[in-house]
Amino acid sequence: MFTGIVSDVGTLAPPAGARLSIACSYDASSLVPGASMACDGCCLTLVNATAGKGGAVFEVDVSNETFSRTTLGNWQVGRRINLERPLSLGDELGGHLVTGHIDGLAKITGQAQDGDSVRFTLESPASLGRYIAAKGAIALDGVSLTVNEVDGKSFGVNIIPYTLAHTTWRDRKAGDLVNLEVDMLARYVERIAAMKANEK
């Protein structure tokens, strides 16, 4: 379980393939094989970690299923990646509860400067639009964000200067695809509503 608060930005290192290598600033001794790591919002399992320049290089295995449903299949060496280690009991929940299970891909359709922030407009898959609500939470490339407005499949988010500086969102532009995880609470509300409707 994660919170969508990015704690490091790593870089995809060679070799790439079914096993990815990611350079980061975490202490290698703290990266335990078998532990989870959210990589651009995807929960992946650490295979091993070695000390690297200024931090560590860790490896994760990626299944064909994950490659097909996320942006990972298009990653190239040198790509910057949002990283988050799993939530521990007692940790501050600064974002919202995030599972690291990607629901689909959202496409950035526009961006505009808004003071020191940047407003992005995105389009979700049609099947996921009903889970996105104005002022609700959403995770995009592993970053917990608040939805500004929703219009059908289209929705907007505002990226503040701190987030631009400490995540990969400063790299994003119109036309890019990002990993999308809807708020799990929306799914539970829909499930409960469906069960209550069936009881009538």
Side-chain angles (χ1 to χ4, degrees), residues 1-6 12 16 18 20 36-45 60-76 79-84 95-112 114 117-160 163-164 167-198:
M1 192 67 71
F2 306 92
T3 68
I5 303 299
V6 171
L12 187 65
L20 300 182
S36 296
M37 180 75 73
C39 302
D40 268 4
C42 303
C43 179
L44 301 174
T45 301
V60 289
D61 286 325
V62 183
S63 68
N64 287 333
E65 173 77 4
T66 300
F67 277 131
S68 69
R69 292 182 175 272
T70 69
T71 61
L72 274 70
N74 296 320
W75 286 5
Q76 301 293 324
R79 178 191 174 96
R80 297 190 327 124
I81 303 162
N82 293 321
L83 302 176
E84 183 187 356
H96 71 285
L97 290 176
V98 176
T99 65
H101 302 157
I102 302 303
D103 292 302
L105 299 178
K107 183 177 182 179
I108 299 174
T109 56
Q111 67 186 90
D114 184 11
S117 301
V118 178
R119 294 177 72 92
F120 285 88
T121 304
L122 302 99
E123 185 174 288
S124 71
S127 62
L128 298 177
R130 65 182 181 272
Y131 300 114
I132 302 172
K135 305 310 174 188
I138 197 167
L140 297 172
D141 272 355
V143 180
S144 175
L145 297 168
T146 300
V147 177
N148 288 336
E149 70 282 331
V150 181
D151 182 8
K153 295 186 296 181
S154 178
F155 66 96
V157 295
N158 192 72
I159 310 295
I160 63 173
T163 303
L164 286 170
T167 73
T168 63
W169 272 93
R170 69 171 185 250
D171 305 335
R172 299 291 167 259
K173 61 187 183 302
D176 287 350
L177 295 174
V178 296
N179 294 319
L180 162 65
E181 182 183 335
V182 299
D183 187 354
M184 70 171 70
L185 296 179
R187 288 193 176 278
Y188 283 117
V189 168
E190 180 188 54
R191 176 64 174 159
I192 291 169
M195 291 177 66
K196 286 188 174 295
N198 290 335

Pair Thr71-Ile102, side-chain contact (heavy atoms from CB on, under 4.5 Å): steps then yes or no: CA-CA 10 Å; Thr71 61; Ile102 302 303; over 6 Å; no
Within a reach of under 6.0 Å around CZ of Arg79, are more than 12 heavy atoms found that belong to other residues, nucleotides or ligands? yes
Between Asp141 and Arg172, is any pair of side-chain heavy atoms under 4.5 Å apart? yes
Contact between Pro125 and Leu180 at the side-chain level, heavy atoms closer than 4.5 Å - yes or no? yes
Check Thr167, Leu12, Asp171 against Arg80 for a side chain to side chain contact (heavy atoms under 4.5 Å, CB included) and give me the one that passes. Asp171
Side-chain heavy-atom pair Asp103, Tyr131 within 4.5 angstrom cut-off: no
Interatomic distance, Thr70 atom OG1 to Asp40 atom CG [nearest 0.5 angstrom]: 9.0 Å
Shortest non-hydrogen contact from Ala137 to Asp183? O-CB, 3.5 Å
Does any part of the side chain of Val6, heavy atoms only, come nearer than 4.5 Å to the side chain of Thr168, both counted from C-beta? no
Can you measure from SG (Cys43) to CE (Met37) and round to the nearest 0.5 angstrom? 10.0 Å
Closest approach of Phe2 and Ser36, non-hydrogen atoms and distance? CZ-CB, 4.1 Å
Distance in Å, Thr121 OG1 paired with Ile108 CD1, rounded so as to fall on 0.5 Å steps: 10.0 Å
Any side-chain heavy-atom pair of Asn179 and Leu105 under 4.5 Å: yes
Interatomic spacing from CG in Asn82 to CD1 in Ile5 - rounded to 0.5 Å: 11.0 Å
Can you confirm whether Trp169 sits close enough to Val118 that some side-chain heavy atom of one is under 4.5 Å from a side-chain heavy atom of the other? no
Could you check if a side-chain atom of Leu140 sits within less than 4.5 angstrom of a side-chain atom of Phe120, using non-hydrogen atoms only? no
Atom CG in Leu122, atom OG1 in Thr109: separation rounded to 0.5 Å? 6.0 Å
For residues 143-153, which side-chain N or O atoms pair as donor and acceptor with protein atoms under 3.5 Å away, sequence neighbours left out?
from: Ser144; atom 1: OG; to: His96; atom 2: ND1; distance (Å): 2.7
from: Glu149; atom 1: OE1; to: Arg119; atom 2: NH2; distance (Å): 3.2
from: Glu149; atom 1: OE2; to: Gly156; atom 2: N; distance (Å): 3.4

Begin with the C-alpha distance, continue with both residues' side-chain angles, and end with the deciding distance and a verdict on side-chain contact (heavy atoms from CB on, under 4.5 Å) for Ile159 and Val157. CA-CA 7 Å; Ile159 310 295; Val157 295; 4.2 Å; yes
When you compare the side chain of Leu72 with that of Leu44, does any pair of heavy atoms fall below 4.5 Å? yes
Side chain to side chain contact (heavy atoms under 4.5 Å, CB included) partner of Val98, chosen from Met1, Glu84, Glu181: Glu181
Closest approach of Trp75 to Ile81 (non-hydrogen atoms, all atoms of both residues): CZ3-CD1, 3.6 Å
